[in-house]
Protein chains: 2
Amino acid sequence: MLKKPEDCIFFQLAKAAQAGVRYWTSRISHLGVTAVQGLVLAFLADQDRVSSARLGQRVQLDSATLTGILDRLERLGFVKRHKNPKDRRSILICLTDDGKRVAREIIRISREANESFLKDIPEEDEFLFRSVLVRLAQGE
Amino acid sequence: MLKKPEDCIFFQLAKAAQAGVRYWTSRISHLGVTAVQGLVLAFLADQDRVSSARLGQRVQLDSATLTGILDRLERLGFVKRHKNPKDRRSILICLTDDGKRVAREIIRISREANESFLKDIPEEDEFLFRSVLVRLAQGE
DNA sequence: GGCTATTTGCTTGTATGCAAGTAAAATCCC
DNA sequence: GGGATTTTACTTGCATACAAGCAAATAGCC
């Protein structure tokens, strides 16, 4: 922390991310899903019938965490676990029809939500900001 | 999400913050504290003998969350809850001698950790990046 | 073929976050 | 002065995160 603890990058990152989760949650909670559940549905809409391991790599979620999230998405009726005939260890995560509908709506909402969350950030700063985020996320 | 879910700002923020927490954790875990516990100790080193409410405002932590964190810091012997003679509802959070030692060490580590976490980010980009983080964190 | 190492999804235990609600104490307002 | 409102710290319940470890299944290697 330079002069104050508030200057610590880990604090600043955590609080900005929390603000993002709060905002994103407020935009999709009426669909009955949480922020993370909504992101997982969006990833599944982009690539369906994937193994839990592959989905976890894509969403960058621990297998322990993902198991719980899939449990809840399955209980909500948005997702189903299917057997993988090619590999009896793995499962194939599939969106249900309901899941597909909700996922499409989430993707629609996300466009507007991204824009309005960043409305006070000049366009030319946004590109740099996002690229730093991605660089830091990869960073190790 | 523009073309891909990975482009969603809420996803990018969350993953960058997670990487930050992982890095920060790896730097201070030998002291026996978690990432958040370490930040709370740093805030207490900056301002000791504060009420839980005031500390919560400063660290931007929910009172429910802070209660648990203080429980664990107290169990570790780094913090003590004292009565506030001026207001019997509130408590004064105080660093113990051990807590002060650890907090000083954490602050020392944080300088190097901030620098090395951001080592691939050009200086001129860092200022803009941090200012956007702070703006988004306040944003509502 | 058969033994070993790896992969896969899961469980358990701990630590945040946050919504909702509580009891005690202080404050407001007439 | 005293009732209504607000503040304070806490509790409960749920949803991530992640370390550690498990059993079943597959892949690698001799």
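Just so we're on the same page: letters track the sequence lines, and every chain starts at 1.
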> Starting at the 5' end of DNA chain D and moving along, which residue's nearest nucleotide shows up first, Gln60(A) or Arg89(B)?
Replying inline: Arg89(B)

> Does a side chain donor of either Arg27(A) or Ser116(A) reach within less than 3.5 Å of an acceptor in the other side chain?
Replying inline: yes

> Going 5' to 3' on DNA chain C, which nucleotide is the first and which the last to come under 4.0 Å of a heavy atom in chain A?
Replying inline: dT7(C) to dC18(C)

>> Considering every strand and a 4.0 Å limit on heavy-atom distances, what is the contact class for Leu61(A): base, sugar-phosphate, or nothing?
In response: sugar-phosphate

>> With a cut-off of less than 4.0 Å, is there a side-chain N or O of Arg88(B) near OP1 or OP2 of dT8(D)?
In response: no

> Hey, does Thr34(A) reach any base, or is it just sugar-phosphate, or nothing, if we go heavy atoms under 4.0 Å?
Replying inline: sugar-phosphate

>> Counting the atoms with a prime plus P, OP1 and OP2 as sugar-phosphate, which does Arg81(B) contact under 4.0 Å by heavy atoms, base, sugar-phosphate, or nothing?
In response: sugar-phosphate

>> Using a heavy-atom cut-off of 4.0 Å across all strands, would you classify Ala64(B) as base, sugar-phosphate, or nothing?
In response: base

> When we call it a touch if two heavy atoms are under 4.0 Å apart, what does Thr65(A) touch: a base, just sugar-phosphate, or nothing?
Replying inline: base

> Which is true for Asp87(A) with a 4.0 Å heavy-atom rule: it touches a base, it touches only sugar-phosphate, or it touches nothing?
Replying inline: sugar-phosphate

> Does Ser63(B) make a side-chain donor-acceptor contact with the base of dC10(D), cut-off 3.5 Å?
Replying inline: yes

> Looking only at heavy atoms, what is the nearest atom pair of Ser51(B) and Leu92(B), with distance?
Replying inline: N-CD2, 4.2 Å

>> Within the 4.0 Å heavy-atom criterion, would you say Ser90(B) contacts the bases, only the backbone, or no part of the nucleic acid?
In response: sugar-phosphate

>> We want to know whether Arg135(B) and Ser131(B) form a side-chain donor-acceptor pair, criterion being a heavy-atom distance below 3.5 angstrom.
In response: yes

>> What's Ile69(A) touching, base or sugar-phosphate or nothing? Going by heavy atoms closer than 4.0 Å.
In response: sugar-phosphate

